[in-house]
Amino acid sequence: EELASKLREHWGVGISPIQDLTKRIEKSGVIVTRFEIGYDDMDGSSAWIDGRPFIFIAADKDNYFRSRFDISHELGHLIMHKNLTHEDKKVRFDLLEEQAHYFASCLLFPPNAFIAEANKISIESLTMLKKRWGISIAAMIYKAESLKIISSEDGSRLWRSLRYRGYHKCEPYDIETKPEQPVALKNSIRLMLEQGGFSKSKIIDE
């Protein structure tokens, strides 16, 4: 939570919604790629390679809100788990995933802002917050439960309502809201082709 807050402060966004998170991450020097791999269980991956941070996001689900959470999750790994060995990551996998999830939740919707805005929690109110903050209704129900601003009974009621409406499969705004697209790598390759004297085959060879 503290690291997510410091990053927001570094970006100068305070506790406001972050518009075009992918673009902001790219401006920070992270190489972001997004494409379909044909494997639904793969959401994303990240790594430091030769001192440069990379994030790969699977585009198979084509969901704006899911993709924003996935890229925030991978950014959390880059920031928090940079110096862990491969063995560390294997042994502590569940803990590291939990940490990255919490980082993503705090980055997308800071707890103090959530507490201030989600004073009367219902599926309808969370739907409005989803559009404003770019985070799914399901993620906000988890958030409300983890912050203990709703009882377990209220949490169960919200999950039942979510399933009853069919939102566990497709939430409001999911279909019509197109995912953010990374542009830095694409623009760099276009520049190399158009002005750098490179051919496609030369780029691939190099």
Side-chain angles (χ1 to χ4, degrees), residues 1-5 7-8 11 13-25 34 36 39-44 55 57-77 94-182:
E1 182 177 336
E2 183 178 344
L3 287 169
S5 177
L7 180 56
R8 281 179 150 270
W11 282 345
V13 297
I15 56 171
S16 302
I18 301 175
Q19 305 301 325
D20 203 335
L21 176 65
T22 301
K23 184 177 181 179
R24 191 169 291 275
I25 289 174
R34 173 185 168 83
E36 294 186 13
Y39 182 57
D40 286 345
D41 292 336
M42 177 72 171
D43 295 322
I55 291 177
I57 297 298
D60 300 64
K61 297 178 180 65
D62 199 37
N63 185 302
Y64 168 86
F65 305 95
R66 177 66 177 268
S67 291
R68 276 171 60 91
F69 197 92
D70 290 342
I71 196 172
S72 300
H73 176 103
E74 296 303 331
L75 183 63
H77 281 311
D94 290 341
L95 174 61
L96 303 185
E97 287 296 290
E98 182 181 337
Q99 290 175 350
H101 262 63
Y102 190 65
F103 175 90
S105 176
C106 293
L107 182 66
L108 291 173
F109 202 163
N112 51 349
F114 182 73
I115 291 170
E117 296 198 26
N119 44 16
K120 291 184 178 180
I121 296 180
S122 65
I123 296 297
E124 289 73 22
S125 68
L126 293 180
T127 300
M128 295 302 295
L129 289 175
K130 172 179 180 173
K131 190 172 185 180
R132 170 169 155 76
W133 286 90
I135 185 171
S136 72
I137 297 171
M140 285 188 284
I141 296 175
Y142 277 120
K143 195 176 191 73
E145 290 178 324
S146 66
L147 291 172
K148 301 189 185 305
I149 60 176
I150 59 173
S151 66
S152 57
E153 292 79 10
D154 286 338
S156 297
R157 175 180 55 79
L158 286 168
W159 287 118
R160 286 197 300 271
S161 181
L162 195 78
R163 288 190 293 271
Y164 176 77
R165 299 171 191 229
Y167 291 174
H168 61 299
K169 294 181 179 178
C170 183
E171 294 185 4
Y173 308 122
D174 279 356
I175 295 175
E176 62 266 39
T177 311
K178 296 304 177 185
E180 298 170 350
Q181 298 293 329

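Index from 1, following the sequence.
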One thing to verify: whether Asp174 and Arg66 come together as a salt bridge, which I'm taking to mean a side-chain N less than 4.0 angstrom from a carboxylate O.
no
Atom pair CG/CZ of Leu75 and Phe103 - distance to nearest 0.5 Å
4.5 Å
Looking at CG of Leu108 and CD1 of Ile71, how far apart are the two atoms once the value is rounded to the nearest 0.5 Å?
10.0 Å
So, is the end of the Lys130 side chain (NZ or CZ) under 6.0 Å from the ring centre of Phe65 and within 45° of the ring's axis?
yes
Distance only, no hydrogens: is a donor on one side chain within 3.5 Å (strictly under) of an acceptor on the other, for Lys120 and Ser125?
no
After noting the C-alpha distance and the side-chain angles of Ile25 and Trp11, does the key distance pass the side-chain contact (heavy atoms from CB on, under 4.5 Å) rule?
CA-CA 10 Å; Ile25 289 174; Trp11 282 345; 3.9 Å; yes
Can a donor-acceptor pair be found, under 3.5 Å and without considering hydrogens, that links the side chain of His101 to the backbone of Glu97?
yes
Quick check: closest heavy atoms across Ala113 and Ile15, and the distance to 0.1 Å?
CB-O, 4.1 Å
When rounded to the nearest 0.5 Å, the distance separating CD1 of Ile149 from CZ of Phe114 is 4.5 Å
Might you work through the side-chain contact (heavy atoms from CB on, under 4.5 Å) test for Asn112 and Ile115, ending with a clear yes or no?
CA-CA 5 Å; Asn112 51 349; Ile115 291 170; 5.8 Å; no
How many angstroms lie between atom CD1 of Ile121 and atom CG of Asp154, to the nearest 0.5 angstrom?
8.5 Å
Looking at the rings of Tyr142 and Trp159, which for Trp means the six-membered one, are their centres under 6.0 Å apart?
yes
So how far is it from Lys143 NZ to Cys106 SG, rounded to the nearest 0.5 Å?
5.0 Å
Take Arg24 and Val13 through the test side-chain contact (heavy atoms from CB on, under 4.5 Å) and record every step on the way to the result.
CA-CA 11 Å; Arg24 191 169 291 275; Val13 297; 3.7 Å; yes
Report the relative orientation of the aromatic rings in His73 and His77; use parallel for angles under 30°, tilted for 30 to 60°, perpendicular for over 60°.
perpendicular
Test item: Ser5 side-chain N/O and Glu1 main-chain N/O as donor-acceptor pair under 3.5 Å:
no
Could you tell me whether the side chain of Glu171 and the main chain of Ile137 form a donor-acceptor pair under 3.5 Å?
yes
Which heavy-atom pair separates Tyr64 from Gly134 by the least distance, and what is that distance?
CE2-CA, 4.2 Å
Under the side-chain contact (heavy atoms from CB on, under 4.5 Å) test against Ser72, which residue among Leu21, Leu7, Ile55 passes?
Leu21
Find the distance between CZ (Arg157) and CZ (Arg160) and round it off to the nearest 0.5 Å.
8.5 Å
If the threshold is 4.0 Å, N to carboxylate O, is there a salt bridge linking Glu180 and Arg68?
yes
Going through the checks in order, is the salt bridge (Lys or Arg N to Asp or Glu O under 4.0 Å) test met by Glu124 and Arg165?
CA-CA 11 Å; Glu124 289 73 22; Arg165 299 171 191 229; 2.7 Å; yes
A quick test of your reading: do over 12 heavy atoms of other residues, nucleotides or ligands sit less than 6.0 Å from CD of Glu176?
yes
How about Ile175: does its CD1 atom have over 12 heavy atoms from other parts shown lying under 6.0 Å from it?
no
What's the shortest heavy-atom distance between Arg8 and Pro110, and which atoms?
NE-CG, 3.4 Å
Could you check Lys178, Gln181, Arg34 and say which one makes a side-chain hydrogen bond (donor to acceptor under 3.5 Å, both in side chains) with Ser67?
Arg34
